[in-house]
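Atoms within a ligand are numbered from 1 in the order they appear, just like the ligands themselves. Along the sequence shown, the residues carry numbers beginning at 1. Bear in mind that the values here come from a model prediction, so they are computed numbers and not experimental data.
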Amino acid sequence: MGEATGVAAVRVDDVSKYFRHRRLGWRGWEEEAVCAVDRVSLTVEPGEIYGLLGLNGSGKSTLIRMMATLLLPDSGRIRVFGHDVVEERARVRQWLARVSAEAGFFKKLTARENLYYAAGLYGCRPRQFFAEAKALLARWDLEPERLEVPMEELSRGQQQKVAIARALTLASRVLFLDEPTTGLDPKSRREVQEAILAAHREYGLTIFLSTHDLAEAQRLCHRVAVLHAGRLVAEGPPEEVLAGPGEGEEAFFQLIAHEGPD
Ligand SMILES: Nc1ncnc2c1ncn2[C@@H]1O[C@H](COP(=O)(O)OP(=O)(O)OP(=O)(O)O)[C@@H](O)[C@H]1O
Ligand SMILES: [Mg+2]
């Protein structure tokens with residue numbers, strides 16, 4: 001199937017997601033629906049680094065999980081390079097990878113073993129896959145010896161680099177990074193940010209990332225959006241969205257104070 005030129009890398013149209021929460025009420029346990037993502041629409045252009053900001057519980061991870069085919073939207077539509085993430089899930093999956101703050105590894109296995117496992121799982125050639133990831137990691141100052149010790153012996157920054165290398169080796173078009181630098185010290189954070197920028201430069205991937213770090217959004221992203229209680233309340237270049245009466249943090253607080261849901 002051909003793709004029209006000018007097709008968006010990711011297109012989210014009017015997407016909502018509800019979760020059922022149980023709570024103890026007057027008549028015993030009651031179920032209530034919580035709207036985690038509320039009619040969100042956005043477009044990410046090919047080759048763009050797009051950042052998502054928002055408080056804890058604002059819906060960032062839920063939105064990313066829907067975009068990455070891990071969760072079904074209740075309404076609306078998401079397309080990756082023109083293909084529907086629900087109807088054409090298998091196809092879309094071949095193009096993307098996701099990294100979350102909690103990198104999913106077998107902690108007792110080495111990075112090499114984890115990378116071989118990922119290759120097998122996704123039907124890639126293990127040796128080639130490992131060689132590619134290893135080459136990336138060497139450039140990000142992770143010595144090859146470190147790939148031979150159990151993952152649990154690596155620092156969080158090192159683990160995150162392995163996770164990003166794994167994702168980059170898997171993703172051919174779009175990389176979803178859900179808080180890739182949360183919990184890292186300033187040096188590791190900077191290294192992971194450099195790795196993201198280098199990956200973007202060299203692979204030309206489209207990158208969608210969520211972060212709580214406004215400086216990170218300003219440094220990495222071409223555009224950012226602010227999600228508040230599931231709704232998109234601002235979008236644009238970081239220098240515009242995070243500008244205004246108070247720069248950075250103040251601007252962010254004003255956005256979620258004045259433009260929140262009714
Ligand atoms: N699997 C789930 N089951 C029930 N409720 C969920 C589930 N996942 C998320 N939620 C709810 O959806 C809302 C949005 O959560 P989400 O994890 O998307 O927020 P977030 O912006 O990623 O927050 P954080 O910054 O803390 O990572 C919250 O109210 C949360 O309780
Ligand atoms: Mg989250």
Colleague: When you check the side-chain N and O atoms of S210 and D178, is any donor under 3.5 Å from an acceptor?
Modeller: yes

Colleague: Run through ligand 1 for me and note each protein residue having a heavy atom under 4.0 Å from it, chain first, then residue number.
Modeller: F19, H21, A36, L55, N56, G57, S58, G59, K60, S61, T62, E179, H212

Colleague: Tell me yes or no: between the side chains of E179 and H212, is some donor less than 3.5 Å from an acceptor?
Modeller: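 Looking only at side-chain atoms, H212 and E179 do form a donor-acceptor pair, the distance falling under 3.5 Å.
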
Colleague: Is it the case that atom OH in Y117 sees more than 12 heavy atoms from other parts of the structure closer than 6.0 Å?
Modeller: no

Colleague: Going by atom types alone, do E216 and T211 pair a side-chain donor with an acceptor below 3.5 Å?
Modeller: yes

Colleague: Could you tell me whether R166 sits above the aromatic face of F105, with NZ or CZ closer than 6.0 angstrom to the six-membered ring centre and within 45 degrees of the axis?
Modeller: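 Relative to the ring axis of F105, which defines the angle, R166 lies inside both limits.
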
Colleague: Give me the one residue out of D13, D84, D14 that meets salt bridge (Lys or Arg N to Asp or Glu O under 4.0 Å) with R77.
Modeller: D84

Colleague: Tell me whether S210 has at least one N, O or S atom under 2.8 Å from the Mg ion (ligand 2).
Modeller: no

